[in-house]
Amino acid sequence: MPVSPSDEPGRGARAFAELMGRPAPGAAGAAAGTLLDFVFAEVWRRPGLSRRDRWFVALPCVAAADTEVPLREHIHAALVGGDLTIDEMRETVLHFAVYSGWPKASQFSMTVDEVWARIHTERGDPVPPPTPLLPLTTPSDPEERLRTGEQAFRDVNCLPFVPTRDDPYSGAGILNFVFGEMWLRPGLGMKERRLITVACVAFQDAPYPIMSHVYAALKSRDVSFDEIDEVALHFGAYYGWAKASRLMESIEEQKQRVAAEWAAESTP
């Protein structure tokens, strides 16, 4: 009886090596082989989401899991494979910091710098200087910056209202920085930022943020219905069924909500 591609021995190890740029870990046993087959030979190769897009789900999950070696390996693979530039990787760290917190992001950032330096050392090349931060593309005038943040809050969240300015959290944090600066930075596109955000709110089991960010990703059409299903699968492969089940439940609810809104909007 012929062996199907899905039953081919060693396919997970080969897929791992192709993506990660190094041999698969040598752990023995059925569990290790099955995990490699599922995560690397199946999930990463599915057509519903590009390989580049999948990094913006996988990297936040690995950074949040406090696993130094997998984090280092995934950063290395994304950079050496050419799926992300160093500027995109650093923007990913910043976005992750906002939605997952500074302590985990500091480790993420230090690991990016370490891996980037090692890549160039191994090539015998000097480490390129970082891209200059200035000039910022967002307004420096405080009033204009808050107005920009308010509009970005509406646009990103697909909502008609904004939070109050006169509160440190919502004014200085949410309006001034998160939406007045970070979401508008040119280093990543809107789709990439939405993928990072959905992964971050999902592994934190934050019910309202999960609902609101899944809704906005779909309503904006930055992420399609099929793509958000793949996001949930990729997230589940990296953060587990229990967390993914909450995300999938929210996805189904928000698909129905968005479809109903689109239908109402198209009705004369």
Side-chain angles (χ1 to χ4, degrees), residues 15-22 24-25 35-36 38-40 42-46 48-119 130-131 182-183 185-204 206 209-210 213-214 217 222-223 227-228 230-240 243-244 247:
F16 179 97
E18 178 187 323
L19 177 73
M20 302 299 288
R22 74 169 191 86
L35 282 171
L36 285 173
F38 174 64
V39 176
F40 294 96
E42 293 188 24
V43 173
W44 272 97
R45 290 181 169 182
R46 286 175 60 85
L49 199 65
S50 72
R51 189 172 96 164
R52 171 181 158 80
D53 286 342
R54 290 181 184 278
W55 283 115
F56 295 107
V57 179
L59 285 165
C61 290
V62 178
D66 298 323
T67 51
E68 291 184 18
V69 173
L71 177 59
R72 191 177 302 117
E73 292 175 346
H74 279 72
I75 291 168
H76 186 275
L79 291 172
V80 171
D83 292 319
L84 273 71
T85 67
I86 185 60
D87 288 343
E88 290 170 331
M89 184 67 76
R90 286 175 172 150
E91 284 294 323
T92 298
V93 172
L94 173 62
H95 204 100
F96 174 86
V98 168
Y99 283 95
S100 298
W102 168 254
K104 288 182 183 290
S106 63
Q107 181 64 44
F108 192 179
S109 181
M110 288 188 292
T111 306
V112 168
D113 290 344
E114 171 200 321
V115 170
W116 186 237
R118 178 164 62 87
I119 289 170
T131 301
M182 188 202 67
W183 274 92
R185 287 178 56 80
L188 288 175
M190 189 62 70
K191 180 179 184 179
E192 290 86 356
R193 293 191 182 278
R194 292 198 186 279
L195 296 175
I196 296 166
T197 306
V198 168
C200 288
V201 296
F203 58 61
Q204 295 181 87
I210 292 172
H213 283 292
V214 169
D222 289 327
V223 182
E227 286 175 327
I228 201 71
E230 287 297 321
V231 169
L233 175 60
H234 206 88
F235 174 83
Y238 272 83
Y239 226 85
K243 301 274 189 180
L247 176 58

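The structure presented is a predicted model; accordingly, all values stated were derived computationally and were not measured. Quick note: numbers below take in every heavy atom, side chains included, and nothing from hydrogens, waters or symmetry partners.
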Check: V43 and Y238 side chains under 4.5 Å, non-hydrogen atoms: no
Note, L188 side chain near F56 side chain (heavy atom, < 4.5 Å): yes
Validation row: I75, V62 side chains within 4.5 angstrom (heavy atoms): no
By side-chain contact (heavy atoms from CB on, under 4.5 Å) - contacts of A97 (at least two apart): A105
Test side chain to side chain contact (heavy atoms under 4.5 Å, CB included) applied to V214 and V231, step by step: CA-CA 10 Å; V214 169; V231 169; over 6 Å; no
Residues which pass salt bridge (charged side-chain N to carboxylate O under 4.0 Å, His left out) with E230, listed by chain and number, not counting sequence neighbours: R46, R54
Residues in salt bridge (charged side-chain N to carboxylate O under 4.0 Å, His left out) contact with R51, at least two apart in sequence or another chain: D83
Minimum side-chain heavy-atom gap W44-W55 below 4.5 Å: yes
Non-neighbouring partners of R52 that pass side-chain hydrogen bond (donor to acceptor under 3.5 Å, both in side chains), sequence neighbours left out: E88, E192
Heavy-atom side-chain proximity of D53 to V223 below 4.5 angstrom: no
Distance (rounded to the nearest 0.5 Å) between F108 CZ and T92 OG1: 6.0 Å
Side chain to side chain, V39 and F16, heavy atoms closer than 4.5 Å: no
Check against side chain to side chain contact (heavy atoms under 4.5 Å, CB included), I86 and T131: CA-CA 9 Å; I86 185 60; T131 301; over 6 Å; no
Quick one: side chains of residues 112-119, donor-acceptor pairs under 3.5 Å with protein atoms, not counting sequence neighbours, listed by atom name and distance.
from	atom 1	to	atom 2	distance (Å)
D113	OD1	R90	NH2	3.3
E114	OE2	R72	NE	2.9
R118	NH1	E122	OE2	3.2

Contacts of type salt bridge (charged side-chain N to carboxylate O under 4.0 Å, His left out), residue K243, not counting sequence neighbours: D205
Set of residues satisfying ring-ring contact (aromatic ring centres under 6.0 Å, His included) with respect to F203, sequence neighbours excluded: Y239
Distance in Å, I196 CD1 paired with E91 CD, rounded so as to fall on 0.5 Å steps: 9.0 Å
L71 side, atom CG; T111 side, atom OG1 - distance, nearest 0.5 Å: 4.5 Å
Rounded distance [0.5 Å steps], CZ in R194 versus CG in D222: 4.5 Å
Residue pairs fulfilling side-chain hydrogen bond (donor to acceptor under 3.5 Å, both in side chains) with at least one residue in residues 58-68, sequence neighbours excluded: D66-K104
Minimum heavy-atom distance L247-A202, with the two atoms named: CD2-CB, 4.1 Å
A244 versus G236, closest heavy-atom pair with distance: CB-CA, 3.6 Å
Pairs meeting criterion side-chain hydrogen bond (donor to acceptor under 3.5 Å, both in side chains) with involvement of residues 93-103, two or more places apart: H95-R193, H95-T197, Y99-W183
Donor-acceptor contact below 3.5 Å, side chain H213 vs main chain P209: no
Where F38 and A237 come nearest, the two heavy atoms and their spacing: CE2-CB, 4.0 Å
Side chains of L233 and L49 in contact at under 4.5 Å (non-hydrogen atoms): no
Contacts of H76 that satisfy side-chain hydrogen bond (donor to acceptor under 3.5 Å, both in side chains) - sequence neighbours left out: none
For Q204, all residues meeting side-chain hydrogen bond (donor to acceptor under 3.5 Å, both in side chains), sequence neighbours excluded: none
Non-hydrogen atoms of H234 and A58 that approach each other most closely: NE2-CB, 3.8 Å
